[in-house]
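Lettering follows sequence order; numbering is per chain, from 1. All figures in this text were calculated on a predicted structure; none of them were measured in a lab.
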Number of protein chains: 2
Amino acid sequence: MSPPEASRPARLILSRLDTPIGEALVVTDEDGVLRAFDFADYEDRMRRLMRRHYGEQPIAEGEVPAELVHVFGRYFAGDLDALDALEMRTNGTLFQRRVWAALRTIPAGQTLSYKQLAERIGSPKAVRAVGLANGANPVALVAPCHRVIGANGGLTGYGGGLHRKRWLLVHEGAHFAS
Amino acid sequence: MSPPEASRPARLILSRLDTPIGEALVVTDEDGVLRAFDFADYEDRMRRLMRRHYGEQPIAEGEVPAELVHVFGRYFAGDLDALDALEMRTNGTLFQRRVWAALRTIPAGQTLSYKQLAERIGSPKAVRAVGLANGANPVALVAPCHRVIGANGGLTGYGGGLHRKRWLLVHEGAHFAS
DNA sequence: CGCGGCATGGATCTCGACGACGACGCCTGC
DNA sequence: GCAGGCGTCGTCGTCGAGATCCATGCCGCG
């Protein structure tokens with residue numbers, strides 16, 4: 001159901017990618033597989049997450065792998081499903097990995113409420129916990145936590161700033177309140 | 001009685017010094033005051049100690065301050081009291097600092113047993129604890145933990161290796177068994 | 001003697017318990 | 001509607017208790 005815990009990477013490489021909504025941080029491992037995606041104005045939180053998941057290991061600066069440049073470029077250019085097949089590796093608790101896996105079952109253009117997401121992973125009452133896990137998602141966009149909104153259709157919150165959540169949902173043609 | 005806990009240093013500088021008993025590690029703070037002295041073959045332990053006392057702070061490489069080169073040189077050349085006036089700063093628990101301060105009251109050429117040292121700091125039964133604190137001494141030579149030996153005159157143990165303890169005691173003209 | 005066993009005390013590590021905290025949702029009372 | 005209160009549940013930080021580890025010393029036994 002949820003993917004297995006990812007092994008401790010031999011190396012972590014941090015690179016930076018320009019997007020229409022600001023500079024993004026891309027962390028990959030020695031196989032070039034994505035370990036984190038976040039926005040540059042939240043670099044502190046991203047580093048804290050990496051430390052939590054992988055220990056004190058230093059993070060080297062590098063280039064964004066060509067395949068990732070290509071795939072994110074397509075997504076922002078309007079090919080909304082471009083990220084669906086992209087491999088990602090995450091650590092985290094069983095519950096978190098369940099939530100993050102469930103996120104990828106929401107197609108672009110659609111949204112889900114925190115409640116519906118909680119039901120989908122079999123813990124119908126763990127609504128706020130789902131919110132917490134959403135906030136701890138290391139791989140924004142690829143695990144599309146921006147597609148989860150309040151039961152009343154409002155945007156509630158987003159780790160990258162509400163303006164980005166709004167932009168992404170508009171970009172994907174989803175419906176939401178105000 | 002025991003010196004106050006040293007403040008967190010602004011900077012730590014690690015330098016290396018040749019001695020008749022092998023390369024030594026010298027750690028100084030931004031004032032050039034000694035924070036650690038150990039032998040190069042135990043660099044791991046030294047770094048662990050620094051981390052414990054001063055946190056994750058990185059340690060820069062640098063040159064041994066001229067005064068220290070001079071003073072250690074004199075000690076190894078036979079001026080056995082050359083280190084007596086040297087300033088040092090240590091962190092650690094109250095008990096540890098009491099032990100380390102008491103070490104400096106043992107003159108070169110003399111020895112004390114762990115028991116006598118325990119009595120000297122007012123905890124006559126904390127004999128093994130004194131041994132532990134001795135092993136956690138960050139400032140070898142300057143806090144002369146090598147002058148503490150077993151009640152039967154044997155050398156027991158030394159963080160820098162027994163051969164160094166033996167060499168130092170011979171160098172200082174102290175008496176000990178076998 | 002030499003050896004084994006045991007008391008002794010501080011530091012460190014590990015665990016489990018506990019409390020606080022949310023990117024919510026629902027119900028109530030105006 | 002809308003503001004406020006509360007149930008709910010996984011995380012994380014903190015704290016404290018208990019076990020373990022030792023650079024010992026002493027006693028008792030062969």
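Salt-bridge annotation for Arg104(A) and Asp84(A): absent, with no side-chain N of the basic residue lying under 4.0 Å from a carboxylate O of the acidic one.
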Please write out each protein N/O paired with an N/O of nucleotides 7-9 of chain C under 3.5 Å, distance rounded to 0.1 Å.
from, atom 1, to, atom 2, distance (Å)
dA7(C), N6, Arg128(B), NH1, 3.0
dG9(C), N2, Ala129(B), N, 3.4

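Look at CH2 on Trp100(B): it is 12 Å from C1' on dG10(C), rounded to the nearest Å. Between the CG atom of Leu155(A) and the P atom of dA23(C) there is a distance of 15 Å, rounded to whole Å. Put simply, NE2 on His146(A) is 14 Å from C1' on dA23(C), counting in whole angstrom units. As rounded to whole Å, 7 Å separates atom C1' of dA11(C) from atom CD of Gln96(B). Nucleotide dT8(D) holds its P atom 13 Å from the NZ atom of Lys115(A), rounded to whole Å. Spacing between atom CG of Leu49(A) and atom P of dA23(C) amounts to 13 Å, rounded to whole angstrom units. Between the CD atom of Gln116(A) and the P atom of dG25(C) there is a distance of 9 Å, given to the nearest Å. Between Leu117(A) atom CG and dG10(D) atom C1' the separation is 14 Å, expressed in whole Å.
In terms of phosphate contacts, Ser123(A) brings no side-chain nitrogen or oxygen within less than 4.0 Å of OP1 or OP2 of dC9(D).
A side chain to side chain contact (heavy atoms under 4.5 Å, CB included) with Val99(B) is found for exactly one of Asn137(B), Leu132(B), Thr93(B), Leu117(B), namely Leu117(B). When each of Asn91(B), Leu34(B), Thr90(B) is paired with Pro138(B), the side chain to side chain contact (heavy atoms under 4.5 Å, CB included) condition holds for Thr90(B) and for no other.
Relative to the side chain of Asn134(B), the nucleotides dA23(D), dC26(D), dT12(C) differ in distance, and dA23(D) lies closest.
Remark: DNA chain D forms stems of 3 or more consecutive Watson-Crick or G-U wobble pairs, all pair distances under 3.5 Å, at C:1-7 with D:24-30, C:9-22 with D:9-22, C:24-30 with D:1-7.
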Show your reasoning for whether side-chain hydrogen bond (donor to acceptor under 3.5 Å, both in side chains) applies to Glu119(B) and Tyr114(B).
CA-CA 9 Å; Glu119(B) 285 163 351; Tyr114(B) 293 89; over 6 Å; no
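At most 12 heavy atoms of other shown residues, nucleotides or ligands fall within 6.0 angstrom of atom CZ in Arg11(A). Within 6.0 Å of CD in Glu63(B) there are 12 or fewer heavy atoms belonging to other residues, nucleotides or ligands.
The backbone N or O of Ala133(B) sits less than 3.5 Å from a side-chain atom of Trp100(B), completing a donor-acceptor pair.
Proximity of the aromatic rings of Trp167(B) and His163(B) is defined here by a centroid distance below 6.0 angstrom, and this criterion is not met.
As judged by a 4.0 angstrom heavy-atom cut-off over every strand, Gly135(B) is placed among the base-contacting residues. Here Arg48(B) lies out of heavy-atom contact (under 4.0 Å) with every strand.
Remark: the Tyr54(A) side chain and the Arg35(A) side chain contain an N/O donor-acceptor pair separated by less than 3.5 Å.
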